[in-house]
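Below: one structure, written as structure tokens.
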Amino acid sequence: MIRLELTKLWRQNKIIPCIMLLLMLMVGSLEISIFTQGQRLSDAVETSEQTIKELKQPNPFQGTKQLLPETKSTISLLDKQLVALKRRDGTSLREVGVKQFIQKWPMLSYSGDNIIDFNLHSGEVEATRKELVYLQHHQLPTMLPLTIRTNPQTALTNNVPVFQDKVFQELTQRFYVKGWEQIWLWSTIGGIMIALAAINIFLGDILANERDSQNDHTTWLRLQHYGRVKMVLTKLGVHLVLSCLMLFTALGIFLVYAWLRNGLGDLRYPVQAWALGKKVVSPYLWLTATAEANYFAPLQITFIPLARYLGLLGIFGLVVLFLNSTLTLLINRLVRMRLLALLIMVALPLLGLVLPVSIYNPYTYLNGDWVVSNYLGYFLSQRAAVYPWVISGIGIAAIVCLVLALIPLKRKQGGHFG
Amino acid sequence: MVKMNFEIKDLSFAYRRHPVFIEANLTLMTSGVYGLVGPNGSGKSTLFNLITGLLHPTQGAITLDGTVLTPNLVFANVAYAQDSSVLYPYLTGRDHIRFVALQHHVAAARIAAVSEQLEITQFVDQRVSSLSQGQKQRLMIVLALLPEARLLLMDEPLNGLDPDSVMIIRNLLEDFKSTAQMVIVSSHNLDELDKVTDQIIFKVDQGLQFETVADGAEARYAELYHHARPVKAGDGHA
């Protein structure tokens with residue numbers, strides 16, 4: 001039956017087109033990242049030049065045309081940042097960044113007026129400093145342009161004036177232009193849900209298509225001693241294995257492409273995560289600095305290598321694929337109309353991208369980045385890592401779906417008469 | 001002819017509130033070819049679905065040699081050549097044959113022999129979607145013949161066939177007269193049915209009526225269905 005099913009799917013042209021669609025999405029994402037990064041770098045250079053020019057203007061309130069020594073030092077660092085930015089030199093940019101962020105009032109050449117100290121209130125500056133120190137320790141170049149390390153709270157806590165919107169974008173938006181970094185990006189923007197929707201376009205009717213156009217192929221299978229349980233389990237196996245195979249094949253080809261295009265990046269790159277840690281005493285001078293450094297208390301922002309992040313994300317992805325497979329079978333059993341079943345299975349993952357985040361919204365627990373980085377732990381006010389609990393929860397939900405898919409529905413039989 | 005005992009006892013079945021069978025009875029005692037005749041929508045396919053367990057009766061039992069037919073028993077003893085629409089359009093005939101052969105442990109020699117007999121070898125590697133109705137029907141029959149089941153049910157095997165296919169299937173049915181298998185063939189083609197058997201099961205009202213029709217099925221059909229009759233479930237015995 002497995003062979004029969006695979007042959008059928010192959011002849012229906014479902015496997016290769018699915019891989020191609022996934023690959024197109026992946027390559028498209030990388031190309032957009034590279035393109036927008038190029039634009040943003042040009043903007044950042046322009047903003048930096050403007051900032052440095054303004055700093056070099058004598059301050060009318062000081063009553064002298066001479067620049068203060070601190071200002072000269074700052075300008076010198078910003079000049080170096082600008083040079084590194086123009087050269088697209090992540091290592092130099094990191095070195096200058098580290099020097100900036102161990103100062104009392106850190107500044108980036110394109111950081112605008114007081115955004116860093118006045119407008120960021122959930123540990124961003126402290127996190128950026130930690131990240132830069134981590135990069136320095138492992139001798140890794142920074143992403144381009146060097147940006148402030150934001151978190152899901154940033155949008156809720158910052159109050160950047162409208163006229164500084166562009167500068168704030170330059171200061172915070174990262175560009176994941178290497179192979180491994182792209183996978184990291186996808187996990188932060190709901191890539192798993194998009195991948196599931198793409199897979200479901202091709203496999204979302206794997207069971208419902210047994211009853212296409214009023215032809216019930218299952219009757220023939222049942223006569224061959226292939227009952228409901230065997231059929232559902234076979235379809236589950238085929239769906240799960242094919243989903244993994246198609247996704248990882250597309251991913252494999254994408255990584256080769258990314259390697260040739262712009263490199264794969266370094267798997268030691270730091271990824272922001274949340275874990276219990278000591279209270280941080282901020283070295284910065286503005287009034288709220290210490291409170292902001294401990295914004296997520298008792299959890300603290302920490303950094304884990306990209307390899308660990310991707311490993312955990314891979315396991316999470318496999319469990320979500322398992323849930324998707326069992327849910328597909330359940331929906332296909334309940335909704336016998338093939339097209340409706342297909343539509344539901346494509347729409348379901350996409351709903352996760354638009355529904356508001358809430359503890360009552362199940363999609364919140366399917367946000368791979370939140371689960372792996374343990375931001376979900378903060379969101380749920382948990383001290384311990386929620387990763388194992390979420391993985392177990394998704395696994396249990398998948399098994400429940402499978403059991404429900406295996407339960408016989410009301411048997412097709414005549415009612416009482418006479 | 002070989003002694004067999006296929007029995008339908010007090011069979012009742014209804015689609016929602018539309019009764020198809022009410023305490024219908026039928027007993028067939030020997031192997032051979034039997035026709036199943038009734039107007040469109042009278043329940044011929046429903047009867048086959050009830051025998052094979054694809055539908056479940058509200059009441060009554062269907063037995064083969066005194067044993068109630070269970071899914072396992074159906075798999076081992078009953079073959080059903082359904083409407084060819086159950087075949088997978090994207091698969092080839094060989095894909096279907098391979099699957100059935102694997103399920104029933106059919107030897108390669110048997111597959112070759114049946115394929116030759118039904119003359120499907122020329123198109124067995126084509127996708128079902130590209131086959132003609134007659135070719136699909138012959139493939140469907142091959143699939144039903146492979147397991148060598150004791151009871152073979154054939155649902156409208158002569159419907160919409162080209163002359164070649166009709167001849168091939170007619171010859172096949174002729175061959176069944178001398179085997180140990182019991183074959184029940186439903187058909188609207190009474191002329192063709194008359195050529196292969198005079199033992200007919202009529203679906204009359206909500207019952208089954210078995211008769212040996214010496215003057216042909218068509219004449220009896222006219223008597224049974226074209227004239228008003230009192231409504232009463234019939235019992236048939238062979």
Side-chain angles (χ1 to χ4, degrees), chain A residues 1-18 202-203 205-235 237-238 242 332 336 338 342 406 408-418, chain B residues 11-23 43 45-46 48-60 71-72 74-76 78-92 94-96 98-104 127-129 140 143-144 146-147 149 153 206:
Chain A
M1 182 63 191
I2 290 174
R3 182 175 171 171
L4 198 75
E5 190 62 35
L6 288 173
T7 309
K8 204 167 59 178
L9 291 169
W10 178 262
R11 299 239 178 92
Q12 284 175 314
N13 282 329
K14 291 199 169 188
I15 298 172
I16 299 291
C18 182
F202 299 93
L203 299 182
D205 62 347
I206 192 165
L207 188 59
N209 69 11
E210 291 292 335
R211 300 182 196 90
D212 59 341
S213 312
Q214 299 181 339
N215 299 328
D216 188 351
H217 303 293
T218 60
T219 59
W220 182 70
L221 289 176
R222 281 165 64 193
L223 289 174
Q224 313 309 323
H225 223 219
Y226 228 89
R228 184 191 61 256
V229 173
K230 272 187 191 172
M231 194 190 305
V232 169
L233 291 177
T234 304
K235 298 270 184 184
V238 169
L242 269 188
N332 275 228
R336 292 187 165 216
R338 190 183 73 82
L342 188 64
L406 289 171
L409 299 172
K410 190 183 174 191
R411 290 199 306 184
K412 198 175 183 181
Q413 68 174 32
H416 290 289
F417 174 78
Chain B
L11 182 76
S12 294
F13 179 82
Y15 284 115
R16 298 186 187 275
R17 299 197 63 79
H18 172 66
V20 182
F21 292 102
I22 304 173
E23 295 181 2
S45 300
T46 302
F48 286 163
N49 287 336
L50 287 163
I51 294 170
T52 52
L54 295 175
L55 291 173
H56 300 275
T58 45
Q59 181 191 314
N72 282 340
V74 167
F75 177 68
V78 183
Y80 179 17
Q82 296 162 276
D83 184 86
S84 59
S85 64
V86 297
L87 296 170
Y88 291 99
Y90 289 98
L91 297 181
T92 63
R94 193 179 298 283
D95 293 327
H96 287 86
R98 193 181 288 133
F99 178 66
V100 173
L102 200 70
Q103 292 297 103
H104 289 272
R127 289 187 189 191
V128 167
S129 57
M140 201 70 227
L143 297 174
L146 286 177
L153 310 173
Q206 283 78 42

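Here is the naming used below: chain letters follow the sequence lines, and residue numbers restart at 1 for every chain.
Judged as a side-chain contact (heavy atoms from CB on, under 4.5 Å), and not counting sequence neighbours, the contacts of A:P17 are A:N13, A:F202. For B:F75, the ring-ring contact (aromatic ring centres under 6.0 Å, His included) test picks out A:H225, B:H104, with sequence neighbours left out.
When the candidates B:V86, B:V20, B:V100 are compared by the number of heavy-atom contacts under 4.5 Å with chain A, B:V86 comes out ahead. Contact count against chain A (heavy-atom pairs under 4.5 Å) is highest for B:L91 among B:T52, B:L91, B:L102. Taking B:Q103, B:M140, B:Q59 one by one and counting their heavy-atom pairs under 4.5 Å with chain A, the maximum is reached by B:Q103.
Heavy-atom distances place no part of B:T46 under 4.5 Å from chain A, backbone and side chain included. Residue B:N72 touches chain A through both its backbone and its side chain, counting heavy-atom pairs closer than 4.5 Å. In this structure, the portion of B:F99 lying under 4.5 Å from any heavy atom of chain A is its side chain and not its backbone.
A salt bridge does not link A:D216 with A:R336: every distance from a Lys NZ or Arg NE/NH1/NH2 to an Asp or Glu carboxylate oxygen is 4.0 Å or more.
Looking at A:R228, its side chain does come within 3.5 Å of a backbone N or O of A:L406 through a donor-acceptor pair.
Taking the six-membered ring where tryptophan is involved, the planes of B:Y80 and B:F48 are perpendicular, since the angle between them exceeds 60° and thus also 30°.
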